[in-house]
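Atoms within a ligand are numbered from 1 in the order they appear, just like the ligands themselves.
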Amino acid sequence: MRKKIKILGVEFDTITEKEALEKVEGWLNEKNKRKRVIVTPNPEIILKAENNNRYRKILNKADLSIPDGIGVLWASKFNRISKKQSIPKKIGQWFVSLAIIPFDPKYIRTEIPERLTGSDLTKRICALAAQKNKKVYLLGAQEGIAKLTAKKLKKLYPKLKIAGTHAGTPDKRDEDKIIQKIRKSKADILFVAYGAPSQELWIDRNIKKIPTVKIAAGIGGTFDFLSGNIPRAPKNFRKYGLEWAYRLYKEPRRIKRIFNATIKFPIKVLFK
Ligand code: UDP
């Protein structure tokens, strides 16, 4: 039985990275035709799903839902400690639990044990694919970025088979052409980087049309990170829950999105 936690209506598996990868490995070993979908919601995605029933349903029917954001771990912790508390007490716990994160990153890891980013998940699955002789297809991101990502992944895992790469667009008019390409490539695993919610909707509409694809994952800006197009925050920023500050410094145009993840999301969780 899957152990899950709900944050503002979006479900997450409460498993470690190791357990998640064991699951993926199990799926790759399966001989049946069942297709598996992986989603990687972060606070921004949760907010998008709040006002979009269809999107939320698609996220919640995924076979694996991995938290790609410290905010998700915090919300799961806050929901537990503030259960059945009065509003003033809740507000106090809200401030304290948020303030603790940079000083004690382990504090928020009691409900969902680990954060697993899209890039780490992609790398780990590619390592598995290389071991198991499975082909991966990289779809999405700006022109040339998926190709560059493929090169970097090949360097990391020389045995990895890249079935193909394609930028394309999540536009429905582009779909048939893309599906034909992936079908021809005979890919086993498909990574889709069209951002949320386009990538999850794309997978939901199309996975059944690509017979060889066993696992599909929506992975957001992963190709930008893996290709080196956008630098990832240094390890300590990530560890102490400050990745948002680094991204704000590097990409100030993301301010609205960062505001949603770091201010709007925690407030919604408080008053849900
Ligand atoms: N993207 C794309 N086509 C689109 C919209 C987005 O290929 O029409 C790509 C974009 O280039 C980026 C990825 O989708 O590589 C996700 O972008 P975003 O910054 O939203 O990622 P997140 O913050 O969700 O990781």
Side-chain angles (χ1 to χ4, degrees), residues 7 10 12 37-52 55-56 58-59 62 65-72 115-123 125-126 136-153 164-175 177-179 181-182 190-206 216-233 237-238 241-265:
I7 312 283
V10 174
F12 290 88
V37 174
I38 303 175
V39 292
T40 57
N42 56 21
E44 269 188 278
I45 292 185
I46 295 174
L47 292 180
K48 282 179 187 167
E50 233 203 332
N51 306 316
N52 186 337
Y55 184 40
R56 195 170 59 248
I58 288 175
L59 289 173
S65 175
I66 299 278
D68 183 0
I70 279 296
V72 179
R115 170 200 188 193
L116 181 52
T117 63
S119 355
D120 288 335
L121 178 75
T122 303
K123 282 209 281 194
I125 294 180
C126 284
V136 305
Y137 198 102
L138 313 184
L139 176 66
Q142 292 155 32
E143 205 53 58
I145 300 295
K147 213 171 241 164
L148 203 56
T149 305
K151 263 194 197 156
K152 297 262 163 134
L153 286 169
T165 65
H166 185 67
T169 76
D171 193 318
K172 282 193 181 155
R173 283 168 298 186
D174 222 6
E175 242 161 61
K177 203 180 87 197
I178 295 176
I179 289 163
K181 278 189 106 165
I182 308 175
L190 171 66
F191 294 106
V192 186
Y194 282 144
S198 305
Q199 59 200 16
E200 289 83 11
L201 299 178
W202 196 99
I203 292 172
D204 190 61
R205 283 195 305 272
N206 297 312
I219 39 111
T222 289
F223 299 162
D224 294 311
F225 292 125
L226 293 184
S227 65
N229 186 33
I230 294 177
R232 253 191 105 178
F237 276 76
R238 284 184 263 145
L242 296 168
E243 185 163 11
W244 60 271
Y246 184 82
R247 286 202 89 172
L248 183 61
Y249 163 67
K250 282 281 171 191
E251 300 170 83
R253 67 185 164 80
R254 290 178 76 98
I255 187 153
K256 183 161 181 268
R257 296 182 56 173
I258 290 167
F259 173 85
N260 283 343
T262 58
I263 312 281
K264 191 170 167 189
F265 172 73

Determine the minimum heavy-atom distance between Cys126 and Leu153, stating which atoms define it. SG-CD1, 3.8 Å

Does Lys48 have more than 12 heavy atoms from other residues, nucleotides or ligands lying within 6.0 Å of its NZ? yes

Hey, is the main chain of Phe223 close enough, under 3.5 Å, to the side chain of Thr149 for a donor-acceptor pair? yes

Looking only at heavy atoms, is any part of Arg254 under 4.0 Å from ligand 1, and if so is it the side chain, the backbone, or both, or is it neither? side chain

Does an N or O anywhere in Gly220 fall below 3.5 Å from an N or O of ligand 1? no

Could you check whether any heavy atom of Arg257 sits closer than 4.0 Å to an atom of ligand 1, since that is the contact criterion I want to use? yes

Contacting atoms of ligand 1, where contact means under 4.0 angstrom from a heavy atom of Asp224: 12 (C), 15 (O)

Option whose closest heavy atom lies nearest to atom 9 (C) of ligand 1, chosen from Ala196, Gly140, Ala193, Ser227: Ala193

N or O pair under 3.5 Å between Ala141 and ligand 1: yes

Close approach of Tyr194 to ligand 1, heavy atoms, under 4.0 angstrom: yes

Any side-chain donor-acceptor pair under 3.5 Å between Thr169 and Asp174? yes

Lys/Arg N to Asp/Glu carboxylate O, Arg232 vs Asp224, below 4.0 Å: no

Sidechain N-carboxylate O distance under 4.0 Å for Glu200, Arg56: no

What atoms in ligand 1 come closer than 4.0 Å to a heavy atom of Gln142? 11 (O)

What protein heavy atom lies closest to atom 21 (O) of ligand 1? Include the residue and the distance to one decimal. Gly221 N, 3.2 Å

Option with minimal heavy-atom separation from atom 4 (C) of ligand 1, where the choices are Gly195, Ala146, Gly69, Pro170: Pro170

Flag yes if more than 12 heavy atoms outside Ile230 fall under 6.0 Å of its CD1 atom; otherwise flag no. yes

